[in-house]
Amino acid sequence: MRRGLVSVLAGAALLAGFLALPAPGDERLEPPAPGFVVRDVRVFDGERVVEQATVVVRDGRVAELGPGLAPPPGLEVVDGRGRTLLPGLIDAHVHPWGDALAETLNFGVTTVLSMFSDPAAARELARTRDSLAPRAHADLFSAGWLATAPGGHGTQFGLPVPTLNTPAEAGAWVDARLAEGSDFIKIVYEPRDAHGLGPPFPSLDRATLAALVQAAHARRRLAVVHVSRLQPAGEALRAGADGLVHVHADHLADAALVSLARERRAFVTPTLAVIAGNDSAEAGQPGPPREAARFAADPAVRPFLSPEQRLGLAAGRGARLSMLRLELALASVRALHEGGVEILAGSDAPNPGTAHGASLHHELELLVRAGLTPVQALRAATAAPAARFALGDRGRIAPGRRADLLLVDGDPTADIRATRAIVRLWKNGAPVPRRRYPEAT
């Protein structure tokens, strides 16, 4: 049971083999244009809704936004009536590999936060992400290697993960990650309880956890923590963690944890999509399709899924992971949200039951089921992660901001599923044609 949980929560590394991330070619992008205008469109700017606005884009950035603006001459005008313009979405928990970043952009996700991946590949991509050049892949910010104990979670794949075992090693370990290019620090904390129960891997102890958080903060970096159970979640928050990158799976979030997270101003990235894709209560049971299968069958989703993405969404079908209960996770997210804890949207792709890019749209639907309003869920995938991870000009539609934009039919601020009805997509102000897969229809 515990082994299965650990495997799923980091199955991305196993599926991926941590293949190097090539810089995807940009040959599918149209040449840069001087700009364009989206007229008479509903705008969700990352924080609020502006009705019947006009948005002007020039040289890869938003130039103007407001109702009643006259389109400047010489620019393409896109009709926004009946549509909504969103900031490019941000997936706050992925493990990218291979063509992941191109697949991700195909679903309007323009920036991702890797919670464990090859630092060399991330370092190469970091050299281009600040530019406004047209490109056909999402931008990457990364933790690089995760912090774990010798033989701990993350080492089971035979990768050269640099481990540590004592608080005295924390400063040097963090310095080494920052020298490799890590943008933030990811820590695995999975101690066994007083009865010896817990995941089947060694874990960092509480003192080493605290030393790593302190070292990250001393170097002005965020420290986020992987946990899967309620008690370690509380211990991670008391150690100063800036955020928890899964919702715990063993008990409902209690008042003490909610209060602690709120007081510490910590965020939670619950990764509901991977839980939904592996909920053992649904596995092998008669009745409606399982969550991931239902999502993958959506006509707004399926034609744009690559064969690998379809396999990923189907991969959780045989799960019998008794700790993964979607209803429990939804209730915990509801308690955290109602208690004032900030929620970020992250898919944990490509774990079994998920797919890069696509599963963030599933995550948004699940966040609304957990009690967030559609506007709050959209903020969790735009302005909130951009602010928490200091992503600069991303996550908002405002003058001077990067023109990573997503135009959808309908109103996702009323029906969150409308994020899937993508009409147009721009990366750095350049149009990105979506790739369809005829065999998926």
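Side-chain atoms are counted along with the backbone in the values below, which use heavy atoms only and exclude waters and symmetry mates. Along the sequence shown, the residues carry numbers beginning at 1.
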Any residue meeting salt bridge (charged side-chain N to carboxylate O under 4.0 Å, His left out) with Glu76, in chain and number order, not counting sequence neighbours
Arg424
When you measure from the centre of the six-membered ring of Phe304, is the NZ or CZ of Arg435 closer than 6.0 Å and no more than 45° off the axis?
no
Checking Arg434 against Phe107: charged group under 6.0 Å from the ring centre and within 45 degrees of the axis?
yes
Looking at Arg39, I'd like to know if its CZ atom is crowded, meaning that more than 12 non-hydrogen atoms belonging to other residues, nucleotides or ligands lie closer than 6.0 Å.
no
Is it the case that over 12 heavy atoms from other parts of the model lie below 6.0 angstrom from the CZ atom of Arg219?
yes
If you apply the rule side-chain contact (heavy atoms from CB on, under 4.5 Å), what do you find for Leu330 with Leu272, and how did you get there?
CA-CA 8 Å; Leu330 291 170; Leu272 293 170; 3.9 Å; yes
Distance-only polar pair, side chains of Ser131 and Arg135, donor-acceptor under 3.5 Å
yes
Give the intermediate values and the outcome of side chain to side chain donor-acceptor pair (under 3.5 Å) for residues Ser347 and Glu363.
CA-CA 6 Å; Ser347 66; Glu363 185 77 14; over 6 Å; no
In this structure, CG of Leu313 is separated from CZ of Arg302 (nearest 0.5 Å) by 9.0 Å
If you count the non-hydrogen atoms of other residues, nucleotides and ligands that lie under 6.0 Å from CD in Gln52, is the total more than 12?
no
Using side-chain heavy atoms (C-beta onward) and a distance below 4.5 Å, is Leu406 in contact with Val408?
yes
Applying ring pair (Phe, Tyr, Trp, His ring centres under 6.0 Å), run through Phe267 and Phe389 and close with a yes or a no.
CA-CA 11 Å; Phe267 61 83; Phe389 284 84; 5.6 Å; yes
Just verifying a value: how many Å separate Arg42 CZ and Glu51 CD, rounded to the nearest 0.5 Å?
5.0 Å
What orientation do Phe116 and His95 show, parallel under 30°, tilted 30 to 60°, or perpendicular over 60°?
perpendicular
Between the side chain of Thr54 and the main-chain N/O of Pro67, is any donor-acceptor distance below 3.5 Å?
no
Heavy-atom count check: over 12 atoms from other residues, nucleotides or ligands less than 6.0 Å from Arg129 CZ?
yes
